[in-house]
Amino acid sequence: MTTDGPTPATGAATLPEPGRHLTSPTTRAALRIQHQLLFAAREFLRGRGFTELLPPIIGPVTDPGSRGSKQVDIDFYGHRYKLMTSAILYKQASLLAFDKIFCIAPNVRLEPLETAGTNRHLAEFHQLDVEVAGATRDDVVQLVEELVAHIVGSAVRELLKEFAELGRDTDAFAELLKGSFGRMRHAEAVAELQGLGHPQSPDAELDWAGEALLSARRDRPFFVTDYPKGSRGFYDRENPEDPGLLRNFDLIAAEGFGELCSGSQRTNDYAEIITRMRETGENPQKYRWYLDLVREGVPASAGFGIGVERLTRYVAGLDAVWQASAFPKLAGVVSP
Ligand code: AMP
Ligand code: MG
């Protein structure tokens, strides 16, 4: 990993001056890699028949399922609107126009103060958001594998100088470039973590420390699938053959870099969504526009969101995710 620029220690996060950050060779190399990843993602998805949409930035509601972070309200002509924490509701709705869509969407999440020192959390970040009508969870897991292999391959081929500048050995991607990712179920991840003495709850998302622990023990990215109901948003479809488990997944990077992507097959049944909203403590009244569309019928689908700065951090081998942003925002740190 690189050492250019300060690495925030837990509890004492800082960011370099904007001018210093933007002219740093590390920042430039990281942003060139990010540029190539996005270019190659567009190329790959267009080639597969996807339409790129511009994402909304504000709306009456946003994704409630973001662990521990706060949403930001804005005054929209006397109505309380939210800045998007994720595009999930809009992705499902967009399938009324096109069967395969993607967008590169900004998200704002006021993450807890202690995340300023995790090296993995920004308060403003972007997702490469993808949704496919008629797809299953396993279809989109395969799509993620092919997409990530394609875009990392493109960066590795095109940007030798940048990888050298960063001291990132691209041999780290040998398995990834073959499209050979690992797979484990959530229950197996919990068993491995508990075996290592890490107190991971079997009913919850993997916690940050647990995720990093599994990630550090692997030399290729891996999918964790079948998270338990209750650990994720109302939109992840429950497996009818395995009640209590959701048809969802995360992609976790190798080498301790942690989660890169979350996705799932979606619930598109009106009554089921209402039930799941109530179970997850959400008031269906707030989601009127979305529920009206669902009642009229939105396609069955599956999709995912890849954190663009997280992926860049992993590919570039950066110490911290803020190094993958031109204008980083860390929890509680005042910056432009
Ligand atoms: P989530 O909806 O929380 O699963 O987020 C989707 C993806 O966005 C994650 O897999 C991460 O790659 C990325 N992500 C989520 N939260 C953050 C954050 N605070 N900072 C940077 N990336 C994030
Ligand atoms: Mg996630």
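A quick note: this is a predicted structure, and the numbers were derived from the prediction, not measured. Atoms within a ligand are numbered from 1 in the order they appear, just like the ligands themselves. Atom set for the values below is all heavy atoms of this structure, side chains included, hydrogens, waters and symmetry mates excluded.
- Between the side chains of Ser180 and Glu175, a donor-acceptor pair is found at a separation under 3.5 Å.
- Taking the six-membered ring for Trp and thresholds of 30 and 60 degrees, Phe181 and Phe223 have nearly parallel ring planes, at less than 30 degrees apart.
- Atoms of ligand 1 lying under 4.0 Å from any heavy atom of Arg120, numbered from 1 in the order shown and given with element: 20 (N), 21 (C).
- Proximity of Glu309 to ligand 1, defined as any heavy-atom pair under 4.0 Å, is not found for any part of the residue.
- When the shell of 6.0 Å around CZ of Arg295 is examined, it contains more than 12 heavy atoms from other residues, nucleotides or ligands.
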Q: Walk me through it: do Glu52 and Leu45 pass the test side chain to side chain contact (heavy atoms under 4.5 Å, CB included)?
A: CA-CA 9 Å; Glu52 179 172 2; Leu45 291 167; over 6 Å; no
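- Between Arg109 and ligand 1, a contact under 3.5 Å exists for at least one N or O pair.
- In terms of polar-atom proximity, defined here as any N/O pair under 3.5 Å, Ile306 makes no such contact with ligand 1.
- Heavy atoms only, all atoms of each residue included: Leu246 and Pro228 are closest at CD1-O, 3.7 Å.
- Using a 3.5 Å distance cut-off with no hydrogens or angles, the side chains of Arg168 and Thr170 do not pair a donor with an acceptor.
- Looking at Glu259, its N, O or S atom nearest to the Mg ion (ligand 2) turns out to be OE2.
- The shortest N or O to N or O distance between Phe125 and ligand 1 is not below 3.5 Å.
- Gln92 and Tyr235 form no side-chain donor-acceptor contact under 3.5 Å, judged by distance and modelled atom types alone.
- At a heavy-atom distance under 4.0 Å, atoms from both the backbone and the side chain of Ser262 approach ligand 1.
- Only the backbone of Leu260 comes within 4.0 Å of ligand 1, counting heavy atoms alone; no side-chain atom from C-beta on gets that close.
- In terms of N/O distances under 3.5 Å, ligand 1 is approached by Cys261.
- Side chain to side chain, Gln323 and His21 fail the donor-acceptor criterion of an N or O pair below 3.5 Å.
- The shortest N/O to N/O separation between Glu259 and ligand 1 falls below 3.5 Å.
- In Glu111, the part holding a heavy atom less than 4.0 Å from any atom of ligand 1 is the side chain.
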